[in-house]
2 protein chains.
Amino acid sequence: MGKINQAPPATCPVDYAFQRIGGKYKGRILWFLGDGVKRYGQIRRSISGITPKMLTQVLRELEDDRLITRTVYYEVPPRVEYTLTETGRALIPSIQMISTWGQAQMQHQGITAMPLEEGEE
Amino acid sequence: MGKINQAPPATCPVDYAFQRIGGKYKGRILWFLGDGVKRYGQIRRSISGITPKMLTQVLRELEDDRLITRTVYYEVPPRVEYTLTETGRALIPSIQMISTWGQAQMQHQGITAMPLEEGEE
DNA sequence: CCGTATCCTCTGGGATACTG
DNA sequence: CAGTATCCCAGAGGATACGG
């Protein structure tokens, strides 16, 4: 914990933001966490195709950038929960808008979104 | 020209969107074009550090994805203008919000990167 | 002015196996 | 359950030079 960031200095706010939420999975993970606190396994199942290595790596980066918090419960079996920080939560409206845009484009191109299932408990 | 897209099928709207506006420069370029029609050289000078190869490549991808249009004026010297499509323009509010978020975070971290007037204490 | 053409480096991300 | 540990590679991005 606690690196804050070692990315190249941002040239502008847009650059700064995309350095933190760019990449293949971060947008989707933040969006999923916008729904509420989630466990590692829940995130893994919601982000289709991600490997445990990548998931852990991306979660640590988001944590280092103070967009999410990680809470460990020392139980058996282990439980680890991830949730948005206030800073992270502040991004959700933007991602919401981007998602709405994406949905419109997908429909316009005749693409049907793959159903996302989550569940059990 | 006119490939639309050959990216892997999007798993959700957020994924779809980030496949199109992700990468190191696309956000900044779209944001700059939100200001109005721009020439190649103007974009190049506004996106610090980008090489002509990368700029052309990224502009072609944005064009293929119908986010911008490219207009060539056969004059001497040559003039090429880029402008947002309606689809591309629909992204600007999202980028505006992301930029505002980024600006807040940069200030919160004491970063002063842009030649941009600001109030502080 | 607006790009192409080469060549090259680096790293984001993947495959697979293992552990507290 | 929630991760680590290795090994590996395609492709994003960079450096440099040239062309209509």
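Per chain, numbering begins at 1; letters A, B, ... match sequence-line order.
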With nearest nucleotides of DNA chain C determined for T56(B) and Q57(A) from heavy-atom distances, which residue corresponds to the more 5′ nucleotide?
-> T56(B)
Spacing between F18(B) atom CZ and dA12(D) atom C1', to the nearest angstrom = 18 Å
Report yes if a donor N or O on one partner sits less than 3.5 Å from an acceptor N or O on the other, where the partners are the side chain of K53(B) and the base of dG14(D); otherwise report no.
-> yes
Check whether any side-chain N or O of Y25(A) sits under 4.0 Å from OP1 or OP2 of dG14(C), and answer yes or no.
-> yes
Tell me, please, whether Y16(A) has R20(A) positioned over its six-membered ring: NZ or CZ under 6.0 Å from the ring centre and within 45 degrees of its axis?
-> yes
Separation of dC1(D) C1' from E81(A) CD (nearest whole Å) = 13 Å
Note: for P78(B) and K24(A) on DNA chain C, the residue whose nearest nucleotide lies more 5' is P78(B)
Could you state the atom-to-atom distance from CD of Q42(B) to C1' of dG3(C) in whole Å?
-> 16 Å
Could you state the CZ-P distance from R39(A) to dC1(D), rounded to the nearest angstrom?
-> 8 Å
Check every atom of dG13(D), dC1(C), dT4(D) against the side chain of M54(B) and return the nucleotide holding the closest atom.
-> dG13(D)
Once you round to the nearest 0.5 Å, how far does OG1 of T69(A) lie from CD of E86(A)?
-> 10.5 Å
Would Q42(B) and S46(B) count as having a side-chain donor-acceptor pair, cut-off 3.5 Å?
-> no
Testing dG3(C), dA2(D), dG13(D) for proximity to the side chain of Y40(A), the answer is dA2(D)
Axis-to-axis angle across the helix from dC1(C)-dG20(D) to dG20(C)-dC1(D), five pairs an end, to 10 degrees?
-> 60°
In whole angstroms, the gap separating C1' of dT11(C) from CD of Q19(A) amounts to 15 Å
Here the distance between atom P of dC1(D) and atom CD of E75(A), to the nearest Å, is 13 Å
What is the distance, rounded to the nearest whole Å, between atom CD1 of I50(A) and atom C1' of dG3(D)?
-> 13 Å
Polar contact flag, side-chain donor to acceptor under 3.5 angstrom, Q103(B)-S99(B) = no
Counting any heavy atom closer than 4.0 Å, what does G49(A) reach on the DNA or RNA strands: base, sugar-phosphate only, or nothing?
-> nothing
Closest of dC1(D), dC2(C), dG3(D) to the V80(B) side chain is dC2(C)
So does R70(B) get a side-chain nitrogen or oxygen closer than 4.0 Å to the phosphate oxygens (OP1/OP2) of dG3(C)?
-> yes
Considering just the side-chain nitrogens and oxygens of Y74(A), establish if one lies under 4.0 Å of OP1 or OP2 belonging to dC1(D).
-> no
Describe the nucleic acid contact of Y82(B) in one word from base, sugar-phosphate, nothing, applying a heavy-atom distance below 4.0 Å.
-> sugar-phosphate
Atom CD1 in I47(B), atom NZ in K24(B): separation rounded to 0.5 Å?
-> 11.5 Å
Is R60(B) near enough to dC2(C) that one of its side-chain N or O atoms lies under 4.0 angstrom from OP1 or OP2?
-> no
Less than 3.5 Å apart, which donor and acceptor atoms pair up between the side chains of residues 25-39 of chain B and the rest of the protein, not counting sequence neighbours?
residue : atom : partner : partner atom : Å
K26(B)  : NZ   : E61(B)  : OE1          : 2.8
R28(B)  : NH1  : T11(A)  : OG1          : 2.8
D35(B)  : OD2  : K38(B)  : NZ           : 2.9

Taking all heavy atoms of R44(B) and all of I50(B), pick out the closest pair and write down the distance.
-> O-CG2, 4.1 Å
Which part of the nucleic acid, if any, lies within reach of R44(B) when heavy atoms closer than 4.0 Å are counted: base, sugar-phosphate only, or nothing?
-> base
How long is the line joining CG of L59(A) and P of dT4(D), in whole Å?
-> 10 Å
T51(B) OG1 to Q57(B) CD distance, which is reported to the nearest 0.5 Å = 8.5 Å
